[in-house]
Amino acid sequence: DAKTTQPPSMDCAEGRAANLPCNHSTISGNEYVYWYRQIHSQGPQYIIHGLKNNETNEMASLIITEDRKSSTLILPHATLRDTAVYYCIVSSLNDYKLSFGAGTTVTVRA
Amino acid sequence: GAGVSQSPSNKVTEKGKDVELRCDPISGHTALYWYRQSLGQGLEFLIYFQGNSAPDKSGLPSDRFSAERTGGSVSTLTIQRTQQEDSAVYLCASSAPAGGHNEQFFGPGTRLTVL
């Protein structure tokens, strides 16, 4: 997604929190921030989304800056099974054609 | 509950043959999407079904590709006269009305190899 910028890769120690940044400086007022991940040889998996408030679910937390130009996905206690490519996208609710950029390859190490 | 299922998981075919790929969406999900993902590439949107509305076929790469969704549930993606460049993972997703289009639940995909 050309609207977002993510680091190409990051390592994380098992059991520690993983903080994945995403820049989306051109986000529009009606666009949400969505996070997906794709574990090797599997289909993408929806994680979480938000508009401007911070969000938390059973998988992760999403922290969005007040100006909405960047966000951070937090995996609170990373496990080896969290090793995947993580994608940050911005999209309005009516956009149904998902488009992923290169994402961040997260490797969780024991 | 059951997620999106796709069959077959792998399909190897010869150039020029027709193939059919099946998708069973999550029960109650009215929207269904087909994408493909080539090796090391991002998602490529193919087609979108929403209830009884006319599908958005704008992503189909050629007239060799077609898809249908019967009874608002199961969908079949058909590729006629397959070419080597059709080799990819074909992904199906579905979403619920309340969740919005971007909370899409994906199946495991069908890996298509055209020899």
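In this text the structure is predicted, and so the values were computed from the model without any measurement. The chains referred to below are lettered A, B, ... by the order of the sequence lines, with proteins before strands, and numbering in each begins at 1. All heavy atoms count here, side chains included; hydrogens, waters and symmetry mates do not.
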(message) Between A:Tyr46 and A:Val85, is there shared hydrophobic-cluster membership here, with clusters defined by ILVMFWY side-chain heavy atoms closer than 4.5 Å?
(response) yes
(request) Hey, could you give me the OH/OH distance between A:Tyr96 and B:Tyr33, rounded to the nearest 0.5 Å? (result) 9.0 Å
(message) For the CD atom on B:Glu14, are there more than 12 heavy atoms of other groups (residues, nucleotides or ligands in this structure) within a distance under 6.0 Å?
(response) no
(request) Using a 4.5 Å cut-off on heavy atoms from C-beta on, say whether the side chain of A:Lys97 contacts that of B:Leu43. (result) no
(request) Evaluate whether atom CG of B:Asn52 has more than 12 neighbouring non-hydrogen atoms of other residues, nucleotides or ligands under 6.0 angstrom away. (result) no
(request) Would you indicate whether A:Arg16, at its atom CZ, is surrounded by more than 12 heavy atoms from other residues, nucleotides or ligands within a distance under 6.0 Å? (result) no
(message) Rounded at 0.5 Å granularity, tell me how far OG in A:Ser99 sits from CD in B:Glu44.
(response) 10.5 Å
(message) Can you tell me how far apart CD (B:Glu103) and CD1 (A:Ile47) are? Round to the nearest 0.5 Å.
(response) 12.5 Å
(message) So which residue, A:Gly43, A:Ser41, A:Gly103, ends up with the most heavy-atom pairs under 4.5 Å with chain B?
(response) A:Gly43
(request) Pick one of side chain, backbone, both or neither for B:Phe106, based on which atoms fall under 4.5 Å of a heavy atom in chain A. (result) both
(message) Can you confirm whether B:Gln104 sits close enough to A:Tyr36 that some side-chain heavy atom of one is under 4.5 Å from a side-chain heavy atom of the other?
(response) yes
(message) With heavy-atom distances below 4.5 Å as the criterion, would you say the side chains of B:Tyr35 and A:Leu98 are in contact?
(response) yes
(message) Can you confirm whether B:Leu39 is buried at CG, in the sense that more than 12 heavy atoms of other residues, nucleotides or ligands lie under 6.0 Å from that atom?
(response) no
(message) Would you say B:Val4 ends up clustered with B:Leu46 if hydrophobic residues are merged whenever their side chains have heavy atoms under 4.5 Å apart, either directly or through other cluster members?
(response) no
